[in-house]
Visitor: 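Below you will find the structure I want to go over with you.
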Amino acid sequence: MKSSESLGTYDLWRFEELQTPDHSRLYHLQAIGIGTLLAESLTSYVARLAIAHCVATGILMEREFTKYIQKTYGGANLHTIYHATAALNGTGSMATELVQTLEQLTLRNDLRFLTLLSWSELLPSRNLLRSNRAWCPVCYEHWHHSRQILYEPLLWSLQVVQVCPQHRQPLRQECPHCHKNNFVLAWRSRPGYCSKCEGWLGESSNDEPEENIESKIDWHVWTAKSVGQLISACPQLTSPLKERLVRNLLAYSDFLTEGNIAAFARLLQMPKNTVWLWCKGKNFPSLVELLKVSYRLNTPIFDLLTSDAINTDLKKTASLMPVQSTSLKRRSPNFDAKSIRKQVEDFVNKDEEPPPSMREIAKRLNHNERTLSRNFPDLCRIISARYRNYRKNNQEATIKLSCQEVRQIAFELHKEGQRPTEDRVSALISRPSFLRYRQVRRALLEACQELGL
Ligand SMILES: [Zn+2]
Ligand SMILES: [Zn+2]
C-alpha cells in the first residue's frame, strides 16, 4: 500500500484570464515591398485582401468599409468613386481615410506607406497620379513564372513614371485583349488581370522599345528610379521636408552662383521667378520640376529633400557643373546648309564601323538632330537605316552571348548548391535586361532541364 508521502506536490493551476491578442476583422495580410522601390500600392492591397477573402473588391468595400468611410467622396461604394480611385494611393483625405479603415480592419500599422501620404507635405497633388491603371507586362510575367505574389507597385501609379525601371519597358495602360483602360480600383480588380475582360496582362518577351521612346528611355529609367527612391524612403521620413528643401536650394545657389538667384535659375533652366519663389519658401516645385532640378544639380532628389548636410556634397557637384554651365551658354552656330550637307555626306560615304547614330552625328557636327533631318532627309534616312541595321545585328549577337552566359551561370550556381532561379541569374549576368528575351529565358530553362531541375 502506498503511503501519502510518496505522492508529489504540484503547483496549483491559476485560472486567470489568458491574454490573447485581439483578432482582426479581416486577414492581417502583409503588404509587399514596404521600404523598397517597388512597394505595393494601397489599391493593390485592397484587391489582394478581397481575393484572400474570396469576394469581389466592390463587395468587400461595400460590406466591410461602409461603417468607417464617410460619405464625402462617395464612401465605400466603388461604383460612385471609380473615376477618383487613383486618389486612394495619393496624398489626400481619400488615402488617409482608406488607410485608417484598413488598419482598423486588419490591425496592421504600416499601410500608409502604400500611399504617398508620407510626402503630402511636399508634393502637390495636381498631376501626381495617373487616372488609369498602368502596369509592366514583363514584371507580371516574371512574377508569374517565378511563382511570386502578383501585385501592383505604387510606382506604377505615378504619372511621371512611364517605364519600368527593371525592364526598361514603357508601362501599359491598355488591355491587349479588350483594348480598354482599367480604373485604378474596380469591382473585380485583380493584380495581373484586366478588370474589364479578366484577360492576363503579362507578356514574356517584349520587342525593343520603339525608336522614338528608346532615345528617351535613359531619362525615364532615371526618373522611375528617383521616384522609387522616394517611395522606398517612406517609412524613415522625418519632417520638416519643406525647410530642408529651401535650405538645400539656397546652399546650392550660394555655392554655385554666389547667391545670385537669377544665375542659379539659368543654371537650372527654370524661370527666374519660379526659382526665386522656391528659394523664399513661398512656392514648392512639382514632382516633375523637382526631378529636373535634381538632374541638373546631379544630386538625388531624395538628398535634396532630406539631407541635412548637403554642403558636404557640393564639391562633387561643383566638379560637374562647369561642363553643364558651358553647354547651357553655348549658342547654336549659324547654319551653312551647303557645307554641312557636305559633312553629312562624308559620314554617309565613310562607312564607319560601328556606324554612328544620327544623334551621334548631330553631336559631332554641333547641330540639332531635328535641324539636320529637316534639311537633309535623304542623307539622314540612310544614316538611320544603317544604324538600325547595325543595332539589330548587334542585338542578335548579344542575345547569343547572353544565352551562353546564362547557361554558364546556371551550371555554376548548381555546383554551389544553389537553384539557378531567374533572380539569382539576373544578379550575376552582365546584361540583366536581356533576360526579357525569349531566347535567353529558354537557355536558362534548358540548362535547368539538363541539370535535372
Ligand atoms: Zn517590369
Ligand atoms: Zn481587357
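Quick caveat: nothing in here was measured; it's all calculated off a predicted structure. Note that ligands are numbered from 1 as they come in the structure, with each ligand's atoms numbered from 1 the same way. When a residue number appears, it is its place in the shown sequence, counting from 1.
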Visitor: Evaluate the criterion salt bridge (charged side-chain N to carboxylate O under 4.0 Å, His left out) for residue pair R112 and E103; output intermediate values, then yes/no.
Guide: CA-CA 9 Å; R112 69 191 315 268; E103 291 195 342; over 6 Å; no
Visitor: For the Zn ion (ligand 2), decide whether C194 has an N, O or S atom at a distance under 2.8 Å.
Guide: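 Given the 2.8 Å cut-off, C194 counts as a ligand of the Zn ion (ligand 2).
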Visitor: At the Zn ion (ligand 1), what is the angle formed between atom SG of C136 and atom ND1 of H167, rounded to the nearest 10°?
Guide: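 Between SG of C136 and ND1 of H167, at the Zn ion (ligand 1), the angle is about 120°.
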Visitor: Confirm or rule out an N/O/S atom of H177, from backbone or side chain, lying less than 2.8 Å from the Zn ion (ligand 2).
Guide: no
Visitor: Look up atom CG in L287 and atom CG in L129, then write down how far apart they are to the nearest 0.5 Å.
Guide: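 Atom-to-atom, L287:CG and L129:CG are 10.0 Å apart.
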Visitor: Calculate the angle formed at the Zn ion (ligand 2) by SG in C175 and SG in C178; 10° precision is enough.
Guide: 110°
Visitor: How about NE2 on H83, more than 12 heavy atoms from neighbouring residues, nucleotides or ligands closer than 6.0 Å, or not?
Guide: no
Visitor: What angle sits at the Zn ion (ligand 1) between SG of C164 and SG of C139, to 10°?
Guide: 110°
Visitor: Under a 4.0 Å threshold between the charged nitrogen and the carboxylate oxygen, would R190 count as salt-bridged to E198?
Guide: no
Visitor: Check step by step if side-chain contact (heavy atoms from CB on, under 4.5 Å) holds for S294 and T299.
Guide: CA-CA 5 Å; S294 123; T299 303; 5.6 Å; no
